[in-house]
Amino acid sequence: MTDKPHDDTQSRLREGYSQARDVATDVIDRAGETARRTAAGLDANPIGILVGGLAVGVLAGALLPRSDREKELLAPMGARIGATAKAAAQAAREAGQNELAEAGISKDAARDQVRGLFDGVTKALSSAGAAAVKAATQKPAA
């Protein structure tokens, strides 16, 4: 009697274990490399990652329906957050207006500056156009 079938089975098992170990090692190496690249990406652009994460969260929240219990629990908090945000925006607006007033900048002064800038740009474009027409219509010097 020979142990040939038994030896073949053991040989195939060893080969299978070896292949599984190689695959597992490869997966671990790739996971480590992915983690290093992710960490480098986070270090290079943390704000972008934060904004992307927030966008994904908002999208997921928009797609998932709200339960009645969730509405019941979050409605007062949403109202408070809205009121706080409105008050903060109003305070920021008033502070900005006060700073501009102290600096002598008003709506009318800003409007006049924009008008003057626009007039200057219009004049410069007109002069440039006239110079281009003049240059195009002149005969080259012989």
Side-chain angles (χ1 to χ4, degrees), residues 3-142:
D3 285 331
K4 186 69 172 157
H6 181 60
D7 290 341
D8 283 345
T9 303
Q10 283 186 342
S11 176
R12 281 187 275 152
L13 282 173
R14 275 193 294 272
E15 186 177 323
Y17 287 136
S18 176
Q19 288 174 350
R21 186 178 53 240
D22 292 345
V23 168
T25 301
D26 188 44
V27 168
I28 290 169
D29 290 345
R30 287 183 187 199
E33 180 60 29
T34 301
R36 282 187 290 281
R37 279 189 275 143
T38 301
L42 285 171
D43 288 342
N45 191 7
I47 300 298
I49 300 298
L50 177 65
V51 169
L54 287 172
V56 168
V58 167
L59 182 63
L63 295 176
L64 296 173
R66 290 189 189 147
S67 69
D68 291 336
R69 180 74 174 145
E70 185 178 19
K71 288 177 190 174
E72 177 185 325
L73 291 173
L74 296 179
M77 187 183 308
R80 265 197 324 257
I81 290 171
T84 302
K86 186 175 181 179
Q90 181 64 32
R93 181 176 179 207
E94 289 173 6
Q97 287 174 340
N98 290 340
E99 288 293 321
L100 290 173
E102 286 179 21
I105 300 171
S106 66
K107 243 198 278 189
D108 292 335
R111 188 179 309 125
D112 290 343
Q113 282 191 331
V114 169
R115 186 176 297 129
L117 177 65
F118 182 74
D119 290 344
V121 169
T122 303
K123 185 176 177 181
L125 289 174
S126 176
S127 296
V133 168
K134 184 178 178 181
T137 57
Q138 285 182 342
K139 290 185 180 181

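Bear in mind that the values here come from a model prediction, so they are computed numbers and not experimental data. Residue numbers run from 1 in the order of the sequence given.
With sequence neighbours excluded, the residues that form a salt bridge (Lys or Arg N to Asp or Glu O under 4.0 Å) with D26 are R30. In this structure, the side chain to side chain donor-acceptor pair (under 3.5 Å) partners of R36, at least two apart in sequence or on a different chain, are E33. With sequence neighbours left out, R111 forms a salt bridge (Lys or Arg N to Asp or Glu O under 4.0 Å) with D108. The salt bridge (Lys or Arg N to Asp or Glu O under 4.0 Å) search around R21 returns none, not counting sequence neighbours.
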Give every donor-acceptor pair under 3.5 Å between a side-chain atom in residues 81-95 and any protein atom, sequence neighbours left out.
| residue | atom | partner | partner atom | Å |
| --- | --- | --- | --- | --- |
| T84 | OG1 | R80 | O | 2.8 |
| Q90 | NE2 | E94 | OE2 | 2.8 |

For a quick test of your reading: what N or O donor-acceptor pairs under 3.5 Å do the side chains of residues 113-121 make, sequence neighbours left out?
| residue | atom | partner | partner atom | Å |
| --- | --- | --- | --- | --- |
| R115 | NH1 | D112 | OD1 | 3.3 |

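One finds the OG atom of S67 at 8.5 Å from the CG atom of L74 (value rounded to the nearest 0.5 Å). Distance check: L59 CG to L63 CG gives 4.5 Å after rounding to the nearest 0.5 Å.
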